[in-house]
Amino acid sequence: MQAPTIGGVRVRKGDGETVRLARGASLTDFAEKIGVDAAQLVQMLFSLGEMVTATESVNDATLELLGEELNYVVQVVSPEDEDRELLESFDLEFGEDEGDEADLVVRPPVVTVMGHVDHGKTKLLDALRNANVVDKEAGGITQHIGAYQVGAEVDGELRRITLIDTPGHEAFTAMRARGAQATDIAILVVAADDGVMPQTVEALNHAKAAGVPIVVAVNKIDKPEADPTKVRGQLTEYGLVPEEYGGDAMFVDVSAKSGLNLDSLLEAVVLTADASLDLRANPNQDAQGLVVEAHLDRGRGPVATVLVQRGTLRVGDSIVAGPAHGRVRAMLDEHGNELTEATPARPAMVLGLSAVPGAGQNFLVVEDDRMARQIAEKREARERAAMQAKRRVRRTLEDFMASMEKGKSQELNLILKGDVSGSVEALEDSLSQIDVGDEVTLRVIDRGVGAITETNVDLAAASDAIIIGFNVRPQGKATEMADKEGVEIRYYSVIYQAIEEIEAALKGMLKPEYEESTLGQAEIRAIFRSSKIGNIAGCMVTSGTIRRNAKVRVIRDGSVVADNLDLASLKRERDDASEVREGFECGLVLRNFQDIKEGDVVEAFEMREIPRS
């Protein structure tokens with residue numbers, strides 16, 4: 001029996017079975033799974049209007065479309081499943097404490113500070129850890145995630161608390177959500193003079209989605225216009241009921257500026273942890289945890305701030321963090337002091353990685369450097385394939401023909417460089433949400449952490465891209481090279497400024513839109529014939545104005561008989577006129593149109609550009 005023909009190609013069809021493929025899989029990967037020749041799949045996609053090579057990474061939608069045609073259910077493996085399967089192939093497991101109950105010991109709670117911009121989150125953290133972060137932030141907006149440990153005395157016993165600071169601007173929603181997922185308790189900071197604001201609700205929703213208990217810090221209590229009762233009432237509407245109203249959420253009135261009630265806030269965190277959570281971990285296994293933040297330091301190389309979730313991380317351990325690997329060369333605490341080991345819930349800065357890992361990626365200690373390198377390389381290859389598939393513009397033959405007819409389609413290519421991976425990720429996420437229609441597309445062709453290099457400028461020159469530097473500057477001869485190649489480099493230190501300017505640039509690339517504006521109408525009362533210039537219409541302007549340089553149309557019995565005509569001449573009595581207003585007579589000659597009759601209406605109009613919103 002012959003194989004059925006699909007799109008002119010003979011391909012063996014499946015029986016509805018499921019095929020599991022990694023993100024960014026190629027047609028060769030798909031062909032191997034279903035036992036056909038990759039060239040057949042290439043030909044089949046071509047007949048469906050998709051131009052794809054056999055080894056190119058293909059996006060999920062194309063794989064699913066192909067599966068449908070061949071009667072297979074294509075299941076694209078999620079990043080989490082992909083990573084779990086990769087670790088299982090090395091006999092590793094992430095996210096579980098080893099041993100039994102006797103091996104578990106109490107660990108400090110990990111607390112995320114959340115809330116609306118300008119409500120005093122960073123000031124509160126400042127007061128709690130006696131370090132001034134606000135002055136270093138651009139526009140007073142926190143743009144990085146930091147992790148610190150503080151001590152609180154509860155019932156005569158010193159208890160440790162790990163604090164994670166999350167950025168305050170709405171563009172960092174993704175980072176803030178990730179912060180909530182790495183955490184045990186959320187401190188929701190609300191200004192007593194301002195009340196509940198949009199980002200307060202957003203932060204509250206993230207904390208609820210992550211299923212973490214919430215302690216509310218009502219800040220700026222020492223201001224004369226402070227109204228803590230109003231804050232309690234507003235939050236009650238969102239399902240956060242204070243203990244004094246019969247609910248289960250602890251509210252503490254504090255002032256970060258004067259240091260009022262900060263001990264009570266830390267005590268409330270410890271009491272909430274004791275009452276609601278079982279915070280224990282095994283400190284005697286290989287360390288596992290999360291990368292809270294990472295950046296490239298000129299003197300020390302890649303530096304990652306990690307949060308140990310279980311096990312103990314020691315200097316000399318072989319670790320793999322996302323697509324980065326290495327041996328822990330040194331560890332520092334938040335004050336820059338050297339650490340020899342980091343126990344569960346302890347944040348530490350780790351030196352010795354091969355690259356800058358992404359914020360929010362997991363890290364784990366493995367047997368040796370060789371295994372770490374193998375896991376990192378496989379992760380990097382998979383990530384690269386997924387990115388290529390995501391970045392690839394789906395282009396059909398019809399699209400190709402249409403763009404050829406219209407001329408070159410408008411596309412803005414960007415290369416993003418930032419000081420820390422979280423900022424780059426948040427910036428890319430925000431830029432991808434800018435919507436200015438189908439005429440203009442935005443593509444991030446490369447992103448990275450660290451200074452702008454000559455390689456970045458090379459890529460920008462080759463692909464007509466603009467380089468966005470977020471809190472970074474060029475190194476070496478990159479500036480000189482950019483000037484020579486005509487590559488534009490834009491520098492920003494506040495994220496929404498970058499978003500606004502790029503959105504404005506995209507709107508500037510849009511073709512102008514015009515709307516028609518009627519200027520006036522004139523009725524033809526008499527026709528004078530001239531052998532030299534043709535038919536002259538003697539008119540009375542019945543409304544508006546007839547202008548010499550405007551476009552006109554001829555209307556007869558309510559129907560347009562000629563459109564988009566030019567005036568060859570416009571006269572008022574014997575003199576040339578630039579315009580004739582309502583109530584006056586005029587004589588006009590239409591260029592390249594002589595079929596006019598008495599009673600026709602000549603309508604003048606112009607096309608006005610509509611400003612882009």
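Every heavy atom of this structure was used, including side-chain atoms; hydrogens, water molecules and symmetry mates were not.
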| field | Glu523 side chain reached by Cys539 side chain, heavy atoms, under 4.5 Å | value | no

| Within a reach of under 6.0 Å around OH of Tyr238, are more than 12 heavy atoms found that belong to other residues, nucleotides or ligands? | no

| field | Lys33 side, atom NZ; Glu17 side, atom CD - distance, nearest 0.5 Å | value | 12.5 Å

| task | Side-chain contact test, heavy atoms from C-beta onward, threshold under 4.5 Å: evaluate it for Phe30 versus Val74 and give yes or no. | result | yes

| field | Spacing of Leu588 atom CG and Lys571 atom NZ [to the nearest 0.5 Å] | value | 12.0 Å

| field | CZ/Phe584: more than 12 non-hydrogen atoms of other groups inside 6.0 Å | value | no

| When rounded to the nearest 0.5 angstrom, what is the spacing between OG1 in Thr545 and CG in Leu519? | 7.0 Å

| Are the side chain of Ser26 and the backbone of Thr55 linked by a donor-acceptor contact shorter than 3.5 Å? | no

| query | Does any non-hydrogen side-chain atom of Val76 lie less than 4.5 Å from one of Glu64? | reply | yes

| request: Would you indicate whether Arg591, at its atom CZ, is surrounded by more than 12 heavy atoms from other residues, nucleotides or ligands within a distance under 6.0 Å? | output: yes

| Atom CG of Asp557: over 12 foreign heavy atoms under 6.0 Å | no

| said: Salt bridge or not between Glu515 and Arg608? Use side-chain N to carboxylate O under 4.0 Å. | reply: no

| Pairwise side-chain contact, Lys417 with Val449, heavy-atom cut-off 4.5 Å (strictly under) | no

| field | Spacing of OG belonging to Ser493 relative to CG belonging to Asp419, to within rounding of 0.5 Å | value | 10.0 Å

| task | Could you check if a side-chain atom of Val541 sits within less than 4.5 angstrom of a side-chain atom of Cys586, using non-hydrogen atoms only? | result | yes

Under 3.5 Å, which donor-acceptor pairs link side chains of residues 595-605 to any protein atom two or more places apart or in another chain?
from	atom 1	to	atom 2	distance (Å)
Asp600	OD1	Arg556	NE	2.9
Asp600	OD2	Arg556	NE	3.3
Asp600	OD2	Arg556	NH2	2.9
Asp600	OD2	Lys597	N	2.9
Glu603	OE1	Arg553	NH1	2.6
Glu603	OE2	Gln521	NE2	2.8

| query | At their closest point, which heavy atom of Glu225 faces which heavy atom of Asp193, and how far apart are they? | reply | CG-CB, 3.6 Å

| said: Nearest 0.5 angstrom please: Thr200 OG1 to Asn205 CG, how far? | reply: 10.5 Å

| Member of His295, Glu293, Gln361 meeting the side chain to side chain contact (heavy atoms under 4.5 Å, CB included) criterion with Ser421 | Glu293

| request: Determine whether Leu70 and Met44 make a side-chain contact, defined as any pair of heavy atoms from C-beta on separated by less than 4.5 Å. | output: yes

| query | Measuring from Ser578:OG to Ile546:CD1, what's the distance to the nearest 0.5 Å? | reply | 12.5 Å

| message | With heavy-atom distances below 4.5 Å as the criterion, would you say the side chains of Asp194 and Val231 are in contact? | response | no

| Gln234 side chain vs Val196 backbone, donor-acceptor pair below 3.5 Å | yes

| Flag side-chain contact, heavy atom, 4.5 Å: Pro474 against Met481 | no

| field | Heavy-atom donor-acceptor pair, Arg548 side chain to Leu567 backbone, under 3.5 Å | value | yes

| query | Any Lys/Arg nitrogen of Arg525 or Glu585 sitting under 4.0 Å from an Asp/Glu carboxylate oxygen of the other? | reply | no

| Pair Asn456-Thr453, side-chain hydrogen bond (donor to acceptor under 3.5 Å, both in side chains): steps then yes or no | CA-CA 5 Å; Asn456 299 140; Thr453 62; 3.1 Å; yes

